[in-house]
Amino acid sequence: MNPGSSPSPRTGRGATARRRIAGVVANGVTRPPAPRPRWLRRGRVDLVMVVDVIVALICFGATSSKLSNQHPVNASTGVILLISLAVSAPLAVRTYLPLTAWCASAIALFWVGGAFSPMGVLPGGVLVYILCLYAVAVRCESWVVVTAAAVTAAGGMLIYGQPPTTAILTAAVPVLAGVVVRTRRGNTERLAVQERRHEGERALLQERQRIARELHDVVAHHMSVIAIQAEAAPYKTPDPPKELVESFAEIRASALSGLKELRRVLGVLRSETRAWRSPPVSPAPPGRSPTGWTCPRTGSCRRR
């Protein structure tokens, strides 16, 4: 390619596809990990990750011991340690990179099943694989979960020779468990969002009530003083002119009208707050009043 020439569209699309695939494999999550309960954390230490590391070490030791006791003819001590590490290490990163951990575990198990078939099924590797598949079902996209389940069933039947029922159950159990946990977490998150929204509405209504009370206390006091002074002003002057009396009367009427309007507006605010807080009242059935029964002939209410 010449220095001044631009890359071809095919090269650009290929690089974009590679970046997307690398991003999916590297991150492998559609949502961040759910916050742990307080009893699963000690400061900044995630106890779930600590348990994953401990289980990975146990699986490493168990797998290494099992392979050493079998004495496979085509596996040296270094190969046995490599196999044990490959099938156990993915569990240590499944909390942060679930899809990457599942891919590594699948490759390790399929490699062992294909290249070292006399070893049979490794229980430690199967346990790590199931836990990684569960993490994928909890946090990855739906198409990723379906693909992982299909790969699991196909690998069990084709590489390890499992019956179809066993292979399907091996893939379905962790996937279904992950879907159930994912659904419960989603419902909990939605309820938390609704609760935060209701708290915001409640705070807004409380602020409106506080403003209404302060407005009534300040403005109503001053307007009442204006009305009283306007009513008493003509009596402070002997023989006041008619125009002056009428002006004071208009001032008093305007003050009382403004006070009445202010109380009406405040009543609307309080009624809105009361309606938001109290549940809706169902209408009374025909022939019955809210406080008792209504006589069909006279229409009068009789208390129960």
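Excluded from the calculations below are hydrogen atoms, water molecules and symmetry mates; all remaining heavy atoms, backbone and side chain alike, are included.
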message = As an exercise, state the distance from CZ of Arg264 to CG of Leu259, rounded to the nearest 0.5 Å.
response = 13.0 Å
ask   = Which value, rounded to the nearest 0.5 Å, describes the distance between His222 atom NE2 and Asp217 atom CG?
value = 10.5 Å
message = Would the distance check show the side chain of Arg182 and the main-chain N or O of Cys140 forming a donor-acceptor pair, the cut-off being under 3.5 Å?
response = yes
Residues Asp46 and Thr95: side-chain donor-acceptor under 3.5 angstrom = no
request  = State, with a plain yes or no, whether a side-chain heavy atom of Leu81 is found less than 4.5 Å away from one of Ser64.
outcome  = yes
ask   = Is the closest side-chain heavy-atom distance between Val179 and Thr183 below 4.5 Å?
value = yes
query = Roughly how far, to the nearest 0.5 Å, is the CD1 atom of Ile226 from the NE2 atom of His221?
reply = 10.0 Å
inquiry  = Test of understanding: with side-chain hydrogen bond (donor to acceptor under 3.5 Å, both in side chains), list the residues that count as partners of Glu199, not counting sequence neighbours.
reply    = none
key: Test side chain to side chain contact (heavy atoms under 4.5 Å, CB included) applied to Tyr129 and Thr170, step by step   = CA-CA 10 Å; Tyr129 182 87; Thr170 304; 5.8 Å; no
query = Is there side-chain contact between Val87 and Val128, with heavy atoms separated by less than 4.5 Å?
reply = no
inquiry  = Do Met49 and Leu127 sit in one hydrophobic cluster, given that two such residues count as connected whenever their side-chain heavy atoms are within less than 4.5 Å of each other, even indirectly?
reply    = no
query = Of the non-hydrogen atoms in Ala101 and Cys132, which two are nearest, and what is the gap between them?
reply = CB-SG, 3.9 Å
ask   = Salt bridge or not for Glu189 and Arg185, using N-O below 4.0 Å?
value = no
request  = Take Val136 and Val144 through the test side chain to side chain contact (heavy atoms under 4.5 Å, CB included) and record every step on the way to the result.
outcome  = CA-CA 8 Å; Val136 168; Val144 176; 4.1 Å; yes
message = Just so I know, are the side chains of Leu67 and Leu122 near enough to count as touching, which here means a heavy-atom distance under 4.5 Å?
response = yes
ask   = Do Leu131 and Val138 belong together in a cluster built from hydrophobic side chains that touch within less than 4.5 Å?
value = no
message = I want to check something: taking the side chain as every heavy atom from C-beta on, are Thr147 and Trp143 in contact at a cut-off of under 4.5 Å?
response = yes
inquiry  = Please determine whether side chain to side chain contact (heavy atoms under 4.5 Å, CB included) holds for the pair Val193 and Arg196, giving the CA-CA distance in whole Å, both sets of side-chain angles, and the decisive distance to 0.1 Å.
reply    = CA-CA 5 Å; Val193 170; Arg196 286 194 295 268; 3.2 Å; yes
ask   = Should Ile130 and Val112 be counted in the same cluster of Ile, Leu, Val, Met, Phe, Trp and Tyr side chains packed under 4.5 Å apart?
value = yes
query = Which is it for Trp111 and Ile83 under the side chain to side chain contact (heavy atoms under 4.5 Å, CB included) test, yes or no, and what are the steps along the way?
reply = CA-CA 9 Å; Trp111 169 56; Ile83 292 174; 3.8 Å; yes
key: Cluster check Trp102, Val146: I/L/V/M/F/W/Y, side chain < 4.5 angstrom   = no
note = d(Leu85 CG, Ile80 CD1) to nearest 0.5 Å is 13.5 Å
request  = Could you tell me whether the side chain of Val93 reaches within less than 4.5 Å of the side chain of Thr100, counting heavy atoms only?
outcome  = no
Shared hydrophobic cluster, Ile168 / Leu133 (ILVMFWY, side-chain heavy atoms < 4.5 Å) = no
task = Look at the side chain of Thr63 and the backbone N and O of Cys59, then say whether any donor-acceptor pair between them is shorter than 3.5 Å.
result = yes
request  = State the CG-CG distance between Asp52 and Leu57, to the nearest 0.5 angstrom.
outcome  = 11.0 Å
ask   = Arg94 versus Ser105: any side-chain heavy-atom pair under 4.5 Å?
value = no
ask   = Should we count CZ of Arg184 as having more than 12 external heavy atoms under 6.0 Å?
value = no
